[in-house]
Amino acid sequence: MQLEFEHINKTLIVRVGGELDLAVAESFRNEVEGALEEQGVQNLILNLKDVSFIDSSGLGVILGRYKRITQVGGNMAIAEAEPQVRRILELSGILRIMGAYETENAALDAV
Amino acid sequence: MQLEFEHINKTLIVRVGGELDLAVAESFRNEVEGALEEQGVQNLILNLKDVSFIDSSGLGVILGRYKRITQVGGNMAIAEAEPQVRRILELSGILRIMGAYETENAALDAV
Amino acid sequence: MNNQMKLEFLSLAENVALARVTIASFASQLDFTLTDLEEIKVAVSEGVSNSIIHGYGNQPDGTVRVIASISGDTLELRIEDDGKGIEDIPQALQPAFSTEPDRMGLGFVFMQSFMDQFQVTSEPGRGTRVFMVKKQIVHEGGVDKVQGLEG
Amino acid sequence: MNNQMKLEFLSLAENVALARVTIASFASQLDFTLTDLEEIKVAVSEGVSNSIIHGYGNQPDGTVRVIASISGDTLELRIEDDGKGIEDIPQALQPAFSTEPDRMGLGFVFMQSFMDQFQVTSEPGRGTRVFMVKKQIVHEGGVDKVQGLEG
Ligand SMILES: Nc1ncnc2c1ncn2[C@@H]1O[C@H](COP(=O)(O)OP(=O)(O)O)[C@@H](O)[C@H]1O
Ligand SMILES: Nc1ncnc2c1ncn2[C@@H]1O[C@H](COP(=O)(O)OP(=O)(O)O)[C@@H](O)[C@H]1O
């Protein structure tokens with residue numbers, strides 16, 4: 001798993017790469033949590049462009065971050081997910097609670 | 001395994017793709033043999049550009065074709081092998097009996 | 001074609017990808033579409049993750065077995081562990097049900113929706129077996145037409 | 001890290017790639033270079049092909065086993081069959097020696113040159129086992145230096 005962080009105003013953008021399964025779920029959660037704890041972060045955008053595989057362990061981390069972010073009044077969105085990843089997101093119901101956008105900019109506008 | 005044939009004068013060019021192992025050795029041999037039997041073919045160039053894996057089963061087919069071609073006075077050369085494939089060719093000793101060239105044209109000039 | 005394989009490994013999270021890659025390679029001996037292969041990978045990932053997390057409670061010394069066979073155009077998968085087992089299978093199968101607070105309860109849902117047949121058997125204290133079947137879609141000229149009719 | 005796996009499959013030529021892919025995925029849990037991984041793949045391919053061709057004489061109903069373990073920075077591989085075995089191992093190991101006219105006699109040569117340790121044992125009529133070891137190279141400098149200290 002690869003992670004890249006960028007801050008734009010109150011939004012943290014996390015660009016994720018690799019396979020989001022059980023083997024990486026814990027470090028995925030911990031590293032995103034760590035970055036969310038930085039001062040002034042309110043919203044989260046997960047750019048999943050380079051994610052080649054996701055299963056319910058990866059989805060669990062995404063949903064967990066959503067709960068945490070929205071509890072303190074922030075917003076969350078997904079960007080650039082490839083079709084096979086998007087399909088899993090859709091089936092899981094996650095896309096009923098947060099938006100998935102084609103570009104990071106569209107996601108930024110939305111949060 | 002994918003095979004593509006082209007005839008240039010007396011030379012048959014075979015462009016090979018895939019993994020040249022035991023599973024494809026027999027059809028690799030048979031299809032190249034079939035093409036070599038066409039009238040007027042004297043030389044053989046194997047373009048290995050899209051070969052991602054080769055082991056001694058694949059090498060055996062190459063050596064077999066070399067024996068057959070040279071018996072009737074023809075020449076044989078390898079073209080465009082990727083480094084990992086070239087290394088196996090080298091270790092096998094096959095490159096001591098036939099040349100391996102960067103381009104199909106260089107191989108054509110050599111046969 | 002007919003073929004059989006069995007993969008056994010320690011209950012380590014790293015081996016979920018191993019199981020996925022192995023079964024995808026085996027399944028690709030049939031003519032599955034890329035979408036089918038993706039679905040098979042998710043189903044394997046969920047089943048094996050369950051054995052590791054729930055069956056063995058994340059202890060690394062359990063053994064997970066993935067048994068696969070191809071007969072004709074059909075792939076059969078079995079994922080087995082000798083872990084703690086499931087007391088109440090109907091409850092476990094409910095969407096969103098999980099015994100772990102931070103999990104989604106979607107594993108069995110994905111296995112059921114991605115495979116053509118699905119069955120769980122379990123003996124509490126002895127282990128769990130998941131049996132799944134996926135059939136290759138028979139293409140006739142207009143590939144997607146057939147898919148549309150069957151789906 | 002420590003890990004263990006075992007893959008069993010029918011003696012079909014299609015399964016040579018399965019064994020290769022599985023072991024490459026398992027081996028990639030260590031920090032092997034791409035060249036190392038290629039070499040491991042060739043070694044597995046040769047060993048498994050031998051079991052299928054020589055051990056079982058291309059009959060499809062034999063079982064080939066590939067057992068792998070990781071301990072620390074070391075990968076151990078075992079390739080086993082219950083086939084016809086090898087009468088004269090020193091002869092079989094000679095470069096260019098083959099009992100099949102159209103084969104190159106390079107399988108054992110590749111296994112020996114690509115792996116750090118190599119050993120064959122065989123009981124005629126009972127089967128053959130190849131044992132191989134490959135160690136991850138310890139890189140010095142930067143990040144990998146720390147690994148070097150640990151490994
Ligand atoms: N191999 C297993 N061994 C023991 N319990 C299991 C096993 N697989 C599933 N379960 C039980 O079934 C529940 C539902 O599983 P699942 O739908 O995959 O969701 P999740 O993994 O998110 O909990 C699990 O929470 C667990 O209690
Ligand atoms: N698993 C095996 N079972 C029986 N005989 C074997 C086995 N592996 C190798 N051999 C014998 O050893 C010889 C040399 O093997 P190898 O170096 O791999 O060359 P090749 O496969 O090209 O013959 C084979 O020709 C065969 O007679």
Side-chain angles (χ1 to χ4, degrees), chain A residues 1-3 16-34 36 44 46 48-71 76 78 81-98 100, chain C residues 9-21 23-24 32-60 62 64 79 92-93 95-115:
Chain A
M1 180 194 54
Q2 303 90 45
L3 292 179
V16 199
E19 305 198 310
L20 296 184
D21 70 358
L22 184 63
V24 303
E26 200 180 316
S27 55
F28 179 35
R29 183 182 57 234
N30 291 344
E31 294 190 38
V32 175
E33 277 300 297
L36 284 174
L44 174 63
L46 284 183
L48 303 181
K49 184 167 175 296
D50 294 324
V51 171
S52 55
F53 179 86
I54 191 165
D55 65 12
S56 75
S57 299
L59 294 171
V61 178
I62 296 180
L63 188 67
R65 283 345 88 209
Y66 174 81
K67 286 182 183 161
R68 182 191 190 287
I69 287 271
T70 51
Q71 236 161 33
M76 181 168 168
I78 306 283
E82 293 287 338
Q84 79 274 17
V85 169
R86 207 194 149 96
R87 187 150 168 260
I88 303 286
L89 290 167
E90 222 163 271
L91 276 169
S92 73
I94 276 184
L95 296 193
R96 286 199 294 270
I97 57 175
M98 70 186 99
Chain C
F9 49 85
L10 287 179
S11 49
L12 293 166
E14 285 84 2
N15 291 334
V16 179
L18 175 72
R20 239 176 10 236
V21 165
I23 295 302
F32 283 117
T33 62
L34 282 183
T35 305
D36 282 342
L37 285 176
E38 275 303 317
E39 294 182 344
I40 292 165
K41 276 160 87 171
V42 175
V44 168
S45 213
E46 299 295 347
V48 169
S49 298
N50 276 354
S51 291
I52 295 172
I53 311 163
H54 305 301
Y56 295 116
N58 289 308
Q59 290 304 110
V64 182
I79 299 173
L93 294 181
F97 175 84
S98 179
T99 44
E100 302 282 316
D102 59 344
R103 292 192 57 83
M104 298 188 73
L106 281 182
F108 282 141
V109 174
F110 282 166
M111 289 184 247
Q112 279 176 288
S113 50
F114 289 156
M115 303 293 282

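Residue numbers begin at 1 in each chain, while the letters A, B, ... track the order of the sequences.
- Your options are Ser56(A), Gly93(A), Gly60(A), Gly64(A), and the one with the most heavy-atom pairs under 4.5 Å with chain C is Ser56(A).
- In this structure, Leu91(A) and Phe110(C) have side chains that are in contact, with non-hydrogen atoms separated by less than 4.5 Å.
- A salt bridge does not link Lys41(C) with Asp55(A): none of the charged nitrogens is closer than 4.0 Å to a carboxylate oxygen.
- Ile94(A) touches chain C through its side chain: at least one heavy atom from C-beta onward sits under 4.5 Å away, while N, CA, C and O do not.
- With a 4.5 angstrom heavy-atom cutoff, Ala96(C) does not touch chain A via any of its atoms.
- To the nearest 0.5 angstrom, Ser57(A) atom OG is 9.0 Å from Ile52(C) atom CD1.
- Here the straight-line distance linking atom CD of Glu38(C) with atom OG of Ser52(A) works out to 8.0 Å at 0.5 Å rounding.
- Within the 3.5 Å criterion, the main-chain N or O of Ala23(A) finds no donor-acceptor partner in the side chain of Glu14(C).
- In this structure, CG on Leu22(A) lies 10.0 Å from CD on Glu46(C), to the nearest 0.5 angstrom.
- Taking the charged nitrogens against the carboxylate oxygens, Glu19(A) and Arg20(C) do have a contact shorter than 4.0 Å, which makes a salt bridge.
- Surrounding CD of Glu90(A) are more than 12 heavy atoms belonging to other residues, nucleotides or ligands, all under 6.0 Å away.
- Rounding to the nearest 0.5 Å gives a distance of 12.0 Å between CG of Leu37(C) and CD of Gln84(A).
- For chain C, the nearby part of Ile54(A) is the backbone; its heavy atoms alone come within less than 4.5 Å.
- Proximity to chain C (any heavy atom under 4.5 Å) is shown, for Leu59(A), by both the backbone and the side chain.
- Of all heavy-atom pairs between Asp21(A) and Ala17(C), the closest is OD2-N, 4.0 Å.
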